[in-house]
Amino acid sequence: MKVRTRFAPSPTGYMHIGNLRTALYGYLYAKKQGGSFILRLEDTDSKRYVEDAVQIIYDTLKDAGIRYDEGPDVGGDYGPYIQSERAAIYREYAEKLVELGGAYYCFCDKERLESLKDANGVGRYDKHCLHLSKEEVREKLAAGVPYVIRQNVPAEGSGTYEDLVYGTVTVDFKEIEDGVLLKSDGLPTYNFANVVDDHLMGITHVIRGSEYLSSTPKYNLMYDAFGWERPAYIHLPPIMKNAHEKLSKRNGDASYQDLVDKGYIKEAIINYIALLGWSPKSNQEKMSLAELEENFSLSGLNKSPSIFDEPKLRWLSGEYVREMSDEKFAQLALPFLKRSKAYGKYPDAALLKILKPRVEVLEDIPSKIDFLEEYGKFDAGLYFNKKMKSDAEIAKVVLPAAAETLKGVETYENAALYAALVELAQKLGMKNGQVLWCVRVALTGRENTPGGASEMAELLGKERCLERLAKAQAFLNE
RNA sequence: GGCCCCGUGGUCAAGCGGUCAAGACAUCGCCCUUUCACGGCGGUAACACGAGUUCGAUUCUCGUCGGGGUCACCA
């Protein structure tokens with residue numbers, strides 16, 4: 001049988017990392033098995049609907065490269081793919097389930113329901129309306145009494161199923177309440193809609209978060225009552241922010257879009273989240289989407305929660321930066337380059353060249369090159385470097401001589417500048433590092449820069465170099 | 001609290017009765033070097049605890065502890 005998986009988000013906001021990973025795994029499994037991946041929108045709770053959420057879901061999936069074969073905006077043979085457009089279908093099946101004995105009409109009002117709960121708000125529905133006669137039900141229905149349809153869960157026994165990652169899961173039916181399947185507004189609850197849709201849409205593998213682990217037996221009860229084949233279940237452990245909290249937008253944790261906005265490379269984000277909860281057979285961790293599709297397997301799924309580790313994402317992002325073409329880098333880096341004070345004052349190509357080997361997350365770009373436009377009094381202690389054997393005293397000797405040397409260089413090009421400075425070191429009887437370190441510090445006022453003395457000199461150009469060298473000497477003599 | 005699930009280094013994670021318990025990130029050190037970064041090499045660092053089962057448990061069972069999830073006319 002052809003594998004069909006689905007991603008069924010509720011349009012209540014943006015896509016967080018956990019959601020995206022669920023979508024990714026569903027996509028990867030389907031692709032690996034040569035099956036189809038479907039997008040379905042679960043919008044049966046009008047109170048939680050958020051305006052742009054649907055568009056965000058479409059955009060995020062598209063942006064991440066997760067293509068769905070069927071969905072609201074791409075069509076398919078099993079539509080509609082938006083639950084709010086399937087109301088009639090749910091009603092039909094809910095009534096059918098009532099006939100089959102798997103559900104029943106309930107006319108209890110809010111007050112009665114409240115009275116069933118104890119001081120802690122805990123208490124289950126008492127199956128009161130299950131005992132209504134057919135006539136009573138018909139009369140109330142005819143009289144227009146508001147109602148819901150509840151699932152009829154057996155009082156005895158238990159439900160067991162084999163989860164493909166968690167193994168055997170068993171829940172006693174007495175732990176399960178006769179939940180509402182069809183709300184008084186006529187729309188289904190998730191508990192009912194997911195079962196009807198997954199069956200009608202031919203979903204073979206249900207991939208979702210582990211929060212559904214213990215409610216799955218009640219869904220199975222419905223599959224069984226309808227005489228439908230149960231799908232295979234693949235529950236996924238949560239992605240945590242730390243040992244105790246789940247990663248969530250509510251806590252202000254990074255969403256996919258936030259990460260992209262910060263300049264993490266998209267491919268790295270996908271690659272990284274694929275690795276949170278799943279591991280490949282080989283030790284190769286850096287993988288493109290295509291490689292993930294090729295290597296994905298259920299056996300690599302882990303059942304314990306994993307903590308989102310930004311440093312590792314950062315590293316992976318850097319790996320992607322390093323391997324991308326200069327053109328691609330230029331394109332991605334431009335918006336961030338523009339945020340720097342130095343933008344427009346130096347050739348983009350020159351900036352990009354020194355940045356590419358050193359950038360992991362694009363938002364780091366401005367801080368790496370702002371020194372090109374920011375130059376002021378700095379601590380003379382910067383001249384001290386144990387390994388280079390340099391300090392402020394050495395600088396006092398080096399700087400005037402370097403100014404003289406650099407004045408004599410015509411074309412400000414790295415190799416020529418480097419040669420000139422090394423020659424100067426020899427002339428002064430110093431180590432190359434002593435001259436190079438002092439000059440670089442004098443030129444930039446920074447301890448760390450994206451490149452060495454001659455590279456910085458090339459970038460700054462003759463005029464600025466001589467100007468800064470003069471200032472640096474003045475600072476030193478203050 | 002009841003029920004369900006989870007528990008290997010700081011983090012991700014391999015392992016599926018016998019291993020000196022992989023690998024990656026992070027961290028530390030060394031090398032390379034024109035600082036930084038890249039790259040190369042190396043180090044520190046883990047089976048939550050206690051009982052079983054077994055010739056032998058990280059691996060199987062039970063308990064304890066710790067953590068998460070779930071108990072809605074939300075998904």
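Within every chain, numbering begins at 1; the chains are lettered A, B, ... in the order of the sequence lines, protein sequences first and strands thereafter.
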Those residues that, when tested against A:Ser184, pass side-chain hydrogen bond (donor to acceptor under 3.5 Å, both in side chains) (two or more places apart): none
Residue pairs fulfilling side-chain hydrogen bond (donor to acceptor under 3.5 Å, both in side chains) with at least one residue in residues 263-276 of chain A, sequence neighbours excluded: A:Asp63-A:Lys266, A:Tyr264-A:Glu310, A:Asn271-A:Tyr320
Partner residues of A:Phe7 under the ring pair (Phe, Tyr, Trp, His ring centres under 6.0 Å) criterion, sequence neighbours left out: none
For A:Glu374, salt bridge (charged side-chain N to carboxylate O under 4.0 Å, His left out) partners two or more places apart: A:Lys341, A:Arg446
Interface polar pairs with nucleotides 57-63 of chain B, N/O, under 3.5 angstrom:
none

Residue pair A:Lys281 / A:Ser299: nearest heavy atoms and the distance that separates them: NZ-OG, 2.7 Å
Donor/acceptor link under 3.5 angstrom from A:Lys312 side chain onto base of B:A26: no
Mutual orientation of the aromatic rings belonging to A:Phe296 and A:Tyr29 [parallel < 30°, tilted 30-60°, perpendicular > 60°]: perpendicular
Nucleotide-resolved protein contact map, nucleotides 1-6 of chain B, B/S/- at heavy-atom distance under 4.0 Å: -SSSSS
Enumerate, atom names and distances included, each donor-acceptor pair closer than 3.5 Å involving a side-chain atom of residues 146-158 of chain A, sequence neighbours excluded.
| from | atom 1 | to | atom 2 | distance (Å) |
| --- | --- | --- | --- | --- |
| A:Tyr147 | OH | A:Arg91 | NH1 | 2.9 |
| A:Arg150 | NH1 | A:Asp178 | O | 2.8 |
| A:Gln151 | NE2 | A:Lys218 | O | 2.8 |

Sugar-phosphate, base or nothing in reach of A:Glu447, heavy atoms under 4.0 Å: base
Set of residues satisfying ring pair (Phe, Tyr, Trp, His ring centres under 6.0 Å) with respect to A:Tyr190, sequence neighbours excluded: A:Tyr212
Touch class at under 4.0 angstrom, heavy-atom based, for A:Glu319 against every strand present: sugar-phosphate
Contact letters for nucleotides 40-46 of chain B, in which S counts primed atoms plus P, OP1 and OP2 and B counts the base, heavy atoms under 4.0 Å: -------
Test log, rule side chain to side chain donor-acceptor pair (under 3.5 Å), inputs A:Glu245 and A:Asn242: CA-CA 6 Å; A:Glu245 300 166 281; A:Asn242 54 48; 2.7 Å; yes
Pairs where residues 8-25 of chain A contributes a residue and the test side-chain hydrogen bond (donor to acceptor under 3.5 Å, both in side chains) is met, not counting sequence neighbours: A:His16-A:Asn19
Side-chain donor/acceptor of A:Arg322 to base of B:C38, under 3.5 Å: no
Listed pairs, N/O of protein and of nucleotides 28-34 of chain B, under 3.5 Å:
| from | atom 1 | to | atom 2 | distance (Å) |
| --- | --- | --- | --- | --- |
| B:U33 | O4 | A:Lys387 | NZ | 2.5 |
| B:U34 | OP1 | A:Tyr418 | OH | 2.6 |
| B:U34 | O2 | A:Ala453 | N | 2.5 |
| B:U34 | N3 | A:Ser454 | OG | 2.7 |
| B:U34 | O4 | A:Asn414 | OD1 | 3.1 |
| B:U34 | O4 | A:Ser454 | OG | 2.1 |

Partners passing side-chain hydrogen bond (donor to acceptor under 3.5 Å, both in side chains) against A:Glu162 (at least two apart in sequence or in another chain): A:Thr168
